[in-house]
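Scroll down for the structure; my scribbles are underneath it.
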Amino acid sequence: MTALLFASYADVLHRESIEITLPSGATVRDVVEHVRAMPGGGILPPSPLVAVNQEYARADVVLTSGDEIAIIPPVAGG
């Protein structure tokens with residue numbers, strides 16, 4: 001599966017996407033923990049906003065092969 005990174009997450013991890021291989025039954029939480037374990041991954045907050053196949057997803061959502069996961073940094077504006 002592919003995890004997409006944006007803005008500050010992409011900057012810190014030096015890439016805009018990560019190919020991840022996880023066992024069957026893996027969840028969004030597993031992807032987040034995988035990314036968090038990478039150098040610079042500590043930038044992720046405890047519960048980052050995540051979308052699976054372009055829909056927001058909770059940490060306990062079970063993933064399937066080919067899912068596209070987007071880890072979305074906080075957005076601030078005025």
Would a distance-only check, ignoring hydrogens and angles, find a side-chain to backbone donor-acceptor pair under 3.5 Å from R36 to P45? yes
I need the L5 CG to D11 CG distance, nearest 0.5 Å. 10.0 Å
Out of curiosity, I71 CD1 to L4 CG, how far, rounded to the nearest 0.5 Å? 8.5 Å
Heavy-atom side-chain proximity of Y9 to I43 below 4.5 angstrom: yes
Do E68 and Q54 make a side-chain contact, defined as non-hydrogen atoms from C-beta onward lying under 4.5 Å apart? yes
Looking at side-chain heavy atoms only, is the closest gap between I72 and P48 below 4.5 Å? no
Does T64 reach the side chain of V62, with side-chain heavy atoms less than 4.5 Å apart? no
Any chance you could measure T2, atom OG1, to I18, atom CD1, to the nearest 0.5 Å? 10.0 Å
Between D60 and V28, is any pair of side-chain heavy atoms under 4.5 Å apart? no
Using side-chain heavy atoms (C-beta onward) and a distance below 4.5 Å, is V32 in contact with L44? yes
Are there more than 12 heavy atoms of other residues, nucleotides or ligands under 6.0 Å from atom CZ of F6? yes
If you measure from CG on N53 to CE on M1, what distance do you get to the nearest 0.5 Å? 10.0 Å
If you look at every heavy atom in V52 and A57, which pair is closest and at what distance? CG2-CB, 3.6 Å
Hphob cluster co-occupancy, M38 + L63, side-chain heavy atoms under 4.5 angstrom: yes
Looking at I20 and A3, what are the two nearest heavy atoms and their distance? CD1-CB, 3.9 Å
If I compare all heavy atoms of G41 with all of L13, which pair ends up nearest, and what's the gap? N-CD2, 3.6 Å
